[in-house]
**Q** 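Sharing a structure with you now.
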Amino acid sequence: MPDSKPTHRLVETPKVHGRYLSDYMAASERRRRTIIRDCKYRVIARIVQHDRAKAFITNMMKSGDLSAETLSLEAQRLAEMMADTPFEREVLDNNSDFLAAFGEAFDIEQFPDAEIIEGPTQFKVNLNGVDVNPDIRLATRRVNKNNRERTGLMTIRYAKGKPLDEEVGRWQSSLLFGCRKMIDSDNDDAPEQKLCVTLDAQSGKFIPAPGDALSRFKNMEAACASIAERWDSVEPPVNAVF
């Protein structure tokens, strides 16, 4: 008798996480179809998240106490922490690997020349019918030579043993730049491309939004209009059970 246990969950209205929208913008058309299918039909199986590692990094950045040694010590602490289930063990080990990788790649010279502060972490946006979570982790700020405030945002990505494709990083940072422009709508000159960055924890690189970030953001808005139009017609994966 076939297994009738649900394997996927249907997301009825268009919702795309910022990381997947960035992947989408840099992907082939075939890969794009897969990304949108996976956003509409979410796998139910428990997925290992990196919330512990990301929270640790953001808290340390805000405190100004981040260092390779601090990262390595926390990675070791998570690796040695007791777990009640095999899944908990997997989560702890993956978060430990995350912090260890960033610790090995850590380079203070890579950090943006700006103050790192609390960000609008709950900020979400609807782009032409698609709910997008830009995954804001922190905000950046500096005052230029003319005593004008410049602002930015930061997010964090990690894939074990696989540095982030820099073109994907540029798209994700462009999304942050567009969001920063919305947040600073009363001061349109404040957002700065170089202060909107995606941290790739695997390589230790901070990938800033490029000079054409606003144009890229408009392209993302156009892509979202297309995604919203296609959403209802996207077919589920073969053998998916609901």
**Q** Under 4.0 Å between a side-chain nitrogen and a carboxylate oxygen: does that hold for K40 and D38?
**A** no
**Q** Identify, with sequence neighbours excluded, every residue that meets salt bridge (charged side-chain N to carboxylate O under 4.0 Å, His left out) alongside K124.
**A** none
**Q** Measure from the side-chain N and O atoms of T70 to the backbone N and O of L66, and report whether any donor-acceptor pair falls under 3.5 Å.
**A** no
**Q** Whether the D212 and S215 side chains hold a donor-acceptor pair (N or O, under 3.5 Å, no angle test) is what I'd like checked.
**A**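 Per modelled atom types, D212 and S215 side chains form no pair under 3.5 Å.
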**Q** Does any part of the side chain of K15, heavy atoms only, come nearer than 4.5 Å to the side chain of R42, both counted from C-beta?
**A** yes
**Q** Answer whether the closest heavy-atom distance between the side chains of L138 and I117 falls below 4.5 Å.
**A**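 Counting from C-beta outward, L138 and I117 never come under 4.5 Å.
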**Q** A side-chain contact here means heavy atoms from C-beta on lying under 4.5 Å apart; do C224 and V132 qualify?
**A**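 A side-chain contact exists here, since the closest heavy-atom pair is under 4.5 Å.
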**Q** Decide if atom CZ of R52 counts as having more than 12 heavy atoms of other residues, nucleotides or ligands within a radius under 6.0 Å.
**A**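 Counting neighbours around CZ of R52, 12 or fewer heavy atoms of other residues, nucleotides or ligands fall under 6.0 Å, so no.
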**Q** Would you check if the side chain of R180 reaches a backbone N or O of G152 as a donor-acceptor pair within less than 3.5 Å?
**A** yes
**Q** Could you report the tightest heavy-atom contact between S96 and A75, atom names first, then the distance?
**A** OG-O, 2.6 Å
**Q** Describe, in one word, how the ring planes of H8 and F242 are oriented to each other, choosing from parallel (under 30°), tilted (30 to 60°) and perpendicular (over 60°).
**A**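 If you compare the ring of H8 with that of F242, the planes turn out tilted.
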**Q** Give the minimum heavy-atom separation between V16 and I36, together with the two atoms involved.
**A** CG2-CD1, 4.4 Å
**Q** Between R37 and E235, is any pair of side-chain heavy atoms under 4.5 Å apart?
**A**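 No - every pair of side-chain heavy atoms lies 4.5 Å or more apart.
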**Q** Just how far is it from atom CG of L127 to atom CD of E221, taken to the nearest 0.5 Å?
**A** 5.5 Å
**Q** Taking all non-hydrogen atoms of both residues, which atom of F123 and which atom of P134 are closest, and how far apart?
**A**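 Closest heavy-atom pair between F123 and P134: O-CD, 3.4 Å.
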**Q** Counting only heavy atoms not in N147 (residues, nucleotides, ligands), do more than 12 fall under 6.0 Å from its CG?
**A**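 Atom CG in N147 is not crowded, with 12 or fewer foreign heavy atoms closer than 6.0 Å.
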**Q** Could you tell me which residues satisfy salt bridge (charged side-chain N to carboxylate O under 4.0 Å, His left out) with R77, sequence neighbours excluded, listed by chain and number?
**A**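 Testing R77 for salt bridge (charged side-chain N to carboxylate O under 4.0 Å, His left out), a comparison that skips the adjacent residues, returns E74.
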**Q** Counting only heavy atoms from other residues, nucleotides and ligands, does the tally under 6.0 Å from CG of D113 exceed 12?
**A** no
**Q** Under a 4.5 Å side-chain heavy-atom rule over Ile, Leu, Val, Met, Phe, Trp and Tyr, are I156 and I108 clustered together?
**A**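 Yes, I156 and I108 fall within the same hydrophobic cluster.
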**Q** Counting distance only, does the side-chain N/O of T140 pair as donor-acceptor with the main-chain N or O of L195 below 3.5 Å?
**A** yes
**Q** Side-chain contact test, heavy atoms from C-beta onward, threshold under 4.5 Å: evaluate it for V234 versus Y41 and give yes or no.
**A**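 When only atoms from C-beta onward are counted, Y41 and V234 do touch, with a gap below 4.5 Å.
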**Q** Just by distance, with hydrogens left out, do Q172 and R19 show a side-chain donor and acceptor under 3.5 Å apart?
**A** no
**Q** Between K194 and P112, is any pair of side-chain heavy atoms under 4.5 Å apart?
**A** no
**Q** Kindly assign one of parallel, tilted or perpendicular to the pair F102 and F206, based on the angle between their ring planes and the thresholds 30° and 60°.
**A** perpendicular
**Q** Could you tell me if the side chain of M61 sits less than 4.5 Å from the side chain of M154, heavy atoms only?
**A**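 Answer yes - side chains close enough.
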**Q** Is there a path of hydrophobic side-chain contacts, each under 4.5 Å between heavy atoms of I, L, V, M, F, W or Y residues, that connects L92 with L73?
**A**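 Shared cluster, no.
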**Q** Could you check whether F111 and F106 have their ring centres less than 6.0 Å apart?
**A** yes
**Q** Yes or no on salt bridge (charged side-chain N to carboxylate O under 4.0 Å, His left out) for E192 and R142, after CA distance, side-chain angles and deciding distance?
**A** CA-CA 10 Å; E192 182 176 337; R142 71 179 180 86; 2.8 Å; yes
**Q** Is any NZ, NE, NH1 or NH2 atom of the basic residue among K62 and E118 found under 4.0 Å from an Asp or Glu carboxylate oxygen of the other?
**A**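 Counted as a salt bridge, because a side-chain N and a carboxylate O are separated by less than 4.0 Å.
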**Q** So, taking the atom named CD in E149 and the one named CG in D189, what distance separates them when rounded to the nearest 0.5 Å?
**A**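 So the CD of E149 and the CG of D189 are separated by 12.0 Å.
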**Q** Taking all atoms of both residues into account, what is the closest heavy-atom pair of T7 and N239, and its distance?
**A** OG1-O, 4.4 Å
**Q** If you measure from CD on E104 to OG on S72, what distance do you get to the nearest 0.5 Å?
**A** 7.0 Å
**Q** Closer than 3.5 angstrom, by distance alone: can the side chain of S63 be matched with the main-chain N or O of M60 as a donor-acceptor pair?
**A** yes
**Q** State the CZ-CG distance between R150 and D184, to the nearest 0.5 angstrom.
**A** 10.0 Å
**Q** So, taking the atom named CG in D135 and the one named OG1 in T121, what distance separates them when rounded to the nearest 0.5 Å?
**A**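 It comes to 9.5 Å.
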**Q** Tell me whether E88 contacts the main-chain N or O of D84 through its side chain, where contact means a donor paired with an acceptor under 3.5 Å.
**A**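 Yes; judged by distance alone, with no hydrogens or angles, the pair exists.
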**Q** Would you find a donor on one side and an acceptor on the other, under 3.5 Å apart, between the side chain of R137 and the backbone of L199?
**A**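 Not a single qualifying donor-acceptor pair exists.
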**Q** For L71 and F56, what are the C-alpha separation, side-chain angles and deciding distance, and is it a side chain to side chain contact (heavy atoms under 4.5 Å, CB included)?
**A** CA-CA 9 Å; L71 291 161; F56 184 82; 4.2 Å; yes
**Q** Looking only at heavy atoms, what is the nearest atom pair of S22 and R157, with distance?
**A** CB-NH1, 4.3 Å
**Q** Do I227 and L21 make a side-chain contact, defined as non-hydrogen atoms from C-beta onward lying under 4.5 Å apart?
**A**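 A side-chain contact under 4.5 Å exists here.
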**Q** Is there a donor-acceptor pair under 3.5 Å between the side chain of K181 and the backbone N or O of D188?
**A** yes
**Q** Can you tell me if E69 has over 12 outside heavy atoms packed within less than 6.0 Å of its CD?
**A**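 Not more than 12 within 6.0 Å, no.
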**Q** Begin with the C-alpha distance, continue with both residues' side-chain angles, and end with the deciding distance and a verdict on salt bridge (charged side-chain N to carboxylate O under 4.0 Å, His left out) for K205 and D200.
**A** CA-CA 5 Å; K205 290 183 178 180; D200 172 27; over 6 Å; no
**Q** Please confirm whether the ring centroid of F177 lies under 6.0 Å from the ring centroid of F217.
**A** no
**Q** Using the side chain to side chain contact (heavy atoms under 4.5 Å, CB included) rule, take V241 and K5 through it: C-alpha gap first, then chi angles, then the decisive distance, then the call.
**A** CA-CA 7 Å; V241 178; K5 184 176 181 180; over 6 Å; no
**Q** Looking only at non-hydrogen atoms, find the nearest pair between P120 and I183 and report the distance.
**A** CG-CD1, 3.7 Å
**Q** Do L153 and V143 land in one hydrophobic cluster if side-chain heavy atoms of ILVMFWY residues count as linked below 4.5 Å?
**A**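 Per the 4.5 Å side-chain linkage, L153 and V143 are not co-clustered.
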**Q** Look at the side chain of N95 and the backbone N and O of Q49, then say whether any donor-acceptor pair between them is shorter than 3.5 Å.
**A**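 Yes, N95 side chain to Q49 backbone: donor-acceptor pair under 3.5 Å.
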**Q** Does R31 use its side chain to pair, donor to acceptor, with the backbone of D23 at less than 3.5 Å?
**A** no
**Q** Judged by atom type as modelled, is there a donor-acceptor pair below 3.5 Å linking the side chain of W171 to the main-chain atoms of E166?
**A** no
**Q** Under a 4.5 Å side-chain heavy-atom rule over Ile, Leu, Val, Met, Phe, Trp and Tyr, are F87 and M82 clustered together?
**A** no
**Q** More than 12 non-hydrogen atoms from neighbouring residues, nucleotides or ligands closer than 6.0 Å to CZ on R148, yes or no?
**A**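 Counting other residues, nucleotides and ligands, CZ of R148 stays at 12 neighbours or fewer.
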**Q** Less than 3.5 Å apart, any donor N or O on the side chain of T198 or T155 sitting next to an acceptor on the other?
**A**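 Side-chain D/A pair, T198 to T155: absent.
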**Q** One pair to check against side chain to side chain contact (heavy atoms under 4.5 Å, CB included): V197 and I207. What are the steps and the verdict?
**A** CA-CA 5 Å; V197 294; I207 304 171; over 6 Å; no
**Q** Please determine whether side chain to side chain contact (heavy atoms under 4.5 Å, CB included) holds for the pair T151 and N187, giving the CA-CA distance in whole Å, both sets of side-chain angles, and the decisive distance to 0.1 Å.
**A** CA-CA 10 Å; T151 59; N187 185 5; over 6 Å; no
**Q** Can you hop from I35 to L164 via hydrophobic side chains spaced under 4.5 Å?
**A** no
